[in-house]
Amino acid sequence: LGSGARWSLWHGSSFHLRELVMLAWWHRLRKRPRLAERCADLGDCSVCLEESAATHALCPCGHQACCAACAALVRQCPICRVPVVNSIRIYAVASSSRLQQAEQQVVVEQEAVRSAEEHAVAEEAAVAEHVEESLSRRLAEAKQRQSAAEENAAAEQVVAAVAAEMVAKHQEELRQTIAARELSEQTLHRREDEARADFEARQDSEEQARRAEQHCAELEESLSKAETMTQVALRGFGAEMRMRQAAENRLKDMELRQALLQSAREMDWQAPVVIHID
């Protein structure tokens with residue numbers, strides 16, 4: 001496209017507004033039939049329905065109902081359905097009044113194109129001004145965004161520093177917590193060992209107490225047996241003492257009898273002596 005002010009759309013493409021308007025008008029005029037054809041009484045094409053485009057007559061029926069492109073393609077007449085053998089180009093002659101009207105219409109269209117060009121130039125200047133304002137506004141917004149980004153970066157750095165400090169503090173607290181937990185676990189293990197030792201000592205003391213109770217029971221049983229034996233021995237000793245007393249009494253009686261016998265011998269008693277011993 002030509003040089004000059006360009007209008008940049010948001011999707012990235014650019015074009016010259018004046019050239020775009022001229023291309024649109026040129027394309028519109030190029031699709032129109034020529035002046036003589038516009039002045040003639042030409043109908044619309046019966047196939048593609050283009051206005052004032054029926055320039056060919058179909059043979060042998062003679063219907064003027066198709067444009068050049070459609071006449072080369074059709075095999076039957078679109079009006080009477082007769083097979084088409086050939087097509088003939090019809091050149092119509094326009095009247096002078098219609099020719100003058102067409103010339104006036106061409107002049108009007110040229111004026112419209114000129115006014116469209118002027119309007120396009122004005123719109124191009126307005127668009128360029130709008131683009132400049134938009135660019136300046138976007139530049140200011142970009143500067144504001146850059147300053148805001150710098151402020152955000154500084155704030156993020158401060159936040160990162162605070163976060164690092166908090167993380168370090170949290171790590172220190174976590175380390176202290178872990179140390180305290182390890183200490184508490186060691187204390188708990190020690191207390192468990194002490195409790196286990198106390199329990200074992202208690203079990204040993206209970207075992208010793210049970211053994212002492214058994215020994216006491218055995219001693220009591222031995223004492224009861226000793227008492228029984230003592231009683232038996234005492235009973236035997238009493239019997240022995242009685243037997244000894246009886247033996248002593250008999251011995252005394254025998255000694256007394258011997259003494260009496262001796263005295264009787266000495267006294268030469270003739271009469272018998274009777275001694276009663278209780």
Side-chain angles (χ1 to χ4, degrees), residues 6-15 127-255 278:
R6 293 182 179 275
W7 184 13
S8 298
L9 296 178
W10 53 86
H11 54 75
S13 62
S14 60
F15 56 91
V127 168
E129 185 178 359
H130 178 71
V131 168
E132 289 179 358
E133 291 179 357
S134 178
L135 288 175
S136 61
R137 186 174 63 254
R138 289 183 180 179
L139 182 60
E141 291 178 356
K143 290 181 179 179
Q144 291 179 359
R145 289 175 183 174
Q146 185 178 1
S147 61
E150 291 177 355
E151 293 178 357
N152 291 332
E156 288 178 357
Q157 290 179 358
V158 173
V159 170
V162 174
E165 185 177 358
M166 291 179 66
V167 167
K169 185 177 180 181
H170 182 67
Q171 288 179 354
E172 184 65 26
E173 292 178 354
L174 184 61
R175 194 177 297 109
Q176 293 178 0
T177 304
I178 292 172
R181 183 175 297 175
E182 291 178 353
L183 182 60
S184 62
E185 289 179 355
Q186 292 177 0
T187 305
L188 182 62
H189 290 321
R190 187 172 64 253
R191 289 181 178 177
E192 288 179 354
D193 295 336
E194 293 176 354
R196 192 177 295 107
D198 292 339
F199 180 73
E200 292 177 356
R202 186 175 297 174
Q203 286 183 347
D204 294 338
S205 62
E206 289 178 356
E207 183 68 21
Q208 291 178 1
R210 188 164 49 252
R211 289 178 181 177
E213 289 178 357
Q214 291 179 358
H215 185 64
C216 289
E218 291 175 356
L219 288 176
E220 289 178 355
E221 186 177 359
S222 299
L223 287 174
S224 62
K225 289 181 179 181
E227 288 178 355
T228 304
M229 292 176 66
T230 303
Q231 290 176 2
V232 172
L234 289 174
R235 284 196 298 272
F237 181 73
E240 185 178 357
M241 290 295 293
R242 284 193 299 274
M243 290 175 67
R244 184 177 294 179
Q245 186 70 31
E248 289 178 354
N249 292 330
R250 286 179 183 178
L251 183 61
K252 288 177 179 181
D253 290 338
M254 290 177 67
E255 289 178 353
D278 295 331

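Along the sequence shown, residues carry numbers from 1.
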In Å and rounded to the nearest 0.5 Å, what is the [atom1] to [atom2] distance from [X] to [Y]?
X	Y	atom1	atom2	answer
Ser136	Glu132	OG	CD	8.0 Å
Gln146	Lys143	CD	NZ	9.0 Å
Leu139	Gln144	CG	CD	10.5 Å
His215	Glu220	NE2	CD	11.0 Å
Leu223	Met229	CG	CE	12.5 Å
Ser147	Glu150	OG	CD	7.0 Å

message: Within the 4.5 Å heavy-atom criterion, are Gln208 and Arg211 side-chain neighbours or not?
response: no
message: Are the side chains of Ser222 and Lys225 in contact, using a 4.5 Å heavy-atom criterion?
response: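 Contact flag for Lys225/Ser222 side chains = no.
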field: Any donor-acceptor pair under 3.5 Å from Ser134 side chain to His130 backbone
entry: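 Looks like no, no N/O pair under 3.5 Å.
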- request: Would you check if the side chain of Ser224 reaches a backbone N or O of Glu221 as a donor-acceptor pair within less than 3.5 Å?
  value: yes
field: side chain to side chain contact (heavy atoms under 4.5 Å, CB included) evaluation trace for Met241 with Gln245
entry: CA-CA 6 Å; Met241 290 295 293; Gln245 186 70 31; over 6 Å; no
message: How about CD on Gln203, more than 12 heavy atoms from neighbouring residues, nucleotides or ligands closer than 6.0 Å, or not?
response: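 Yes, because the 6.0 Å sphere around CD of Gln203 holds more than 12 heavy atoms from other groups.
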Compile the donor-acceptor pairs under 3.5 Å between side chains in residues 171-181 and protein atoms, sequence neighbours left out, one pair per line.
residue : atom : partner : partner atom : Å
Glu172  : OE1  : Arg175  : NH1          : 2.6
Thr177  : OG1  : Glu173  : O            : 2.7

- prompt: Pick from Arg190, Arg196, Arg191: which one makes a salt bridge (charged side-chain N to carboxylate O under 4.0 Å, His left out) with Asp193?
  reply: Arg196
